[in-house]
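Here's the structure we're looking at; comments come further down.
Residue numbering restarts at 1 for every chain, and letters A, B, ... go by the order of the sequence lines.
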Protein chains: 2
Amino acid sequence: MRGPGQWQHRLRRQGARWTVPRRAILELLSRTSKHLSAKEVYGSLHRTNPGLGLTTVYRTLDLLVRMGLLNKLSFGSGESRYEFRSTDEETHHHHLICMQCGKIIDYTDFVDEEQELVKKIEDSLAKKHGFKINDHHIEFLGLCPECRG
Amino acid sequence: MRGPGQWQHRLRRQGARWTVPRRAILELLSRTSKHLSAKEVYGSLHRTNPGLGLTTVYRTLDLLVRMGLLNKLSFGSGESRYEFRSTDEETHHHHLICMQCGKIIDYTDFVDEEQELVKKIEDSLAKKHGFKINDHHIEFLGLCPECRG
DNA sequence: ATGATAATGAAAACCGTTATCAATAATAAT
DNA sequence: ATTATTATTGATAACGGTTTTCATTATCAT
């Protein structure tokens, strides 16, 4: 059910216009399971949208994150990466990252136990430090089969 | 027992020299519980070490991370931050971060249960994806009391 | 002490990202 | 439909954190 119609409504509801670059970027990211950088998004869309500028890609990615349609990921490599943000709970996942080549794998192992523990920690931290906690990230770092040599 | 002597040995063992900037940076970071950026390290040491250059700070931080004496942290704010890496298990912790002002709080809540779950996930991921897993990060994101308003 | 060479500091280069601004396109009003 | 309003766009320049370059200096083995 997710698709252009839904996205358009979401944008309009928040006072943003439904434009060609926004649609193109959403369609690209919703179709791939990869975690793309701004440059990669720009590169991927350059064929089909020759006029598109890199500045617009940055602005659009930023907007779509604020609108809740994308997640922005920053592993320590300098550049930010973006992934489509699905609405259903089913897709809750975290990341396994190769420290050498930067490969990213989405995983969902033990999500139920994770949610349970996360809930406990969140409550504890919220009470102890007065935070309103909105999200959490978990990442495992290691060497992928190719990079272990 | 941790201290200059230990650090010096560690560096020498890996073929690095024991220099004034390296000692100064290690002492600074081992004495603070803060997570400092390169610029902040530079700023903190400028009084006592007027000759120290920012380039050296960057290089030294990088070296000490490779030597296993510091942890490099990258939350999404563009700059990297560094924390002293203690040897004992006691200090295993993760981070609670304010999305608005960037405040960082080290927490150790439910570490035992976390370690247990982490172990299970690591084994599962290692087997499934052929990774050699070395580390993991967990972070909770939210708004601190000041920023919730 | 001395020589070999790793480490340093200043400046310039680099790279991802953001600000500027005139031109354009999307929406609201007519 | 047409026009007016205003958000969005794209090119360029600017920005901030980090890295590279290279001549000088400091550390360490001899």
Side-chain angles (χ1 to χ4, degrees), chain A residues 4-5 7-26 28 35-67 69-70 72-82 102, chain B residues 4-5 7-26 28 35-67 69-70 72-82 102:
Chain A
W7 304 333
Q8 182 173 6
H9 277 123
R10 172 97 70 130
L11 293 197
R12 297 296 296 285
R13 211 183 319 134
Q14 307 191 48
R17 292 177 179 176
W18 185 237
T19 68
V20 173
R22 289 170 188 184
R23 175 170 186 148
I25 289 176
L26 275 169
L28 171 64
H35 311 77
L36 301 177
S37 66
K39 290 243 171 91
E40 288 169 347
V41 168
Y42 175 72
S44 297
L45 293 178
H46 205 266
R47 275 179 272 138
T48 50
N49 300 59
L52 181 62
L54 182 55
T55 305
T56 298
V57 172
Y58 276 108
R59 271 189 301 229
T60 303
L61 290 169
D62 188 57
L63 175 83
L64 296 177
V65 168
R66 289 197 320 269
M67 298 279 174
L69 291 167
L70 301 180
K72 182 176 186 174
L73 311 172
S74 17
F75 312 113
S77 56
E79 82 221 324
S80 293
R81 297 191 163 272
Y82 299 82
Chain B
W7 304 333
Q8 182 172 7
H9 278 121
R10 170 98 70 131
L11 292 198
R12 298 294 295 284
R13 209 184 319 136
Q14 306 190 48
R17 294 177 177 175
W18 184 238
T19 68
V20 173
R22 288 171 189 184
R23 175 171 187 147
I25 289 176
L26 275 169
L28 172 64
H35 312 77
L36 300 178
S37 67
K39 290 246 173 89
E40 288 168 348
V41 168
Y42 176 72
S44 297
L45 293 177
H46 205 266
R47 274 179 273 140
T48 50
N49 300 56
L52 180 62
L54 182 55
T55 304
T56 297
V57 172
Y58 276 108
R59 272 189 301 230
T60 302
L61 290 169
D62 189 57
L63 175 84
L64 296 176
V65 168
R66 290 197 319 271
M67 299 277 173
L69 291 168
L70 301 180
K72 182 177 186 174
L73 311 173
S74 18
F75 312 113
S77 56
E79 82 220 326
S80 293
R81 297 191 162 271
Y82 299 84

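Here T60(B) does not reach the OP1 or OP2 of dA7(C): none of its side-chain N or O atoms lies under 4.0 Å away. Neither OP1 nor OP2 of dT18(C) sits under 4.0 Å from any side-chain N or O of Y58(A). Under 4.0 angstrom from either OP1 or OP2 of dG16(C) there lies at least one side-chain N or O belonging to K39(A). At dG10(D), one or more side-chain N or O atoms of T56(A) fall inside 4.0 Å of OP1 or OP2 (strictly under the cut-off). Neither OP1 nor OP2 of dT5(C) sits under 4.0 Å from any side-chain N or O of R17(B). Side-chain N/O atoms of R59(B) include none lying less than 4.0 angstrom from OP1 or OP2 on dT8(C).
Positionally, the nearest nucleotide of DNA chain D for L54(A) lies more toward the 5' end than for the other of S37(B) and L54(A). Comparing R12(A) and V57(B), the nucleotide of DNA chain C nearest to each residue sits closer to the 5' end for V57(B). The nearest heavy atom of DNA chain D to G15(A) and to W18(B) marks one nucleotide each, and the one closer to the 5' end goes with G15(A).
The environment of NE2 in H9(B) is sparse: at most 12 heavy-atom neighbours from other residues, nucleotides or ligands sit within 6.0 Å.
The side chain of R22(A) lies closest to dT8(D) when the candidates are dT8(D), dT18(D), dT17(C). Residue T19(A) places its side chain closer to dT8(D) than to any other of dT27(D), dT8(D), dG9(C).
For R81(A) against H35(A), the heavy-atom pair with the smallest separation is NH1-O, 2.6 Å. Of all non-hydrogen atoms in R17(B) and L11(B), the two that sit nearest each other are O-CD1, 3.8 Å. Of all non-hydrogen atoms in A38(B) and V57(B), the two that sit nearest each other are O-CG1, 3.6 Å.
For T55(B) against dA11(C), a side-chain-to-base donor-acceptor contact under 3.5 Å is present.
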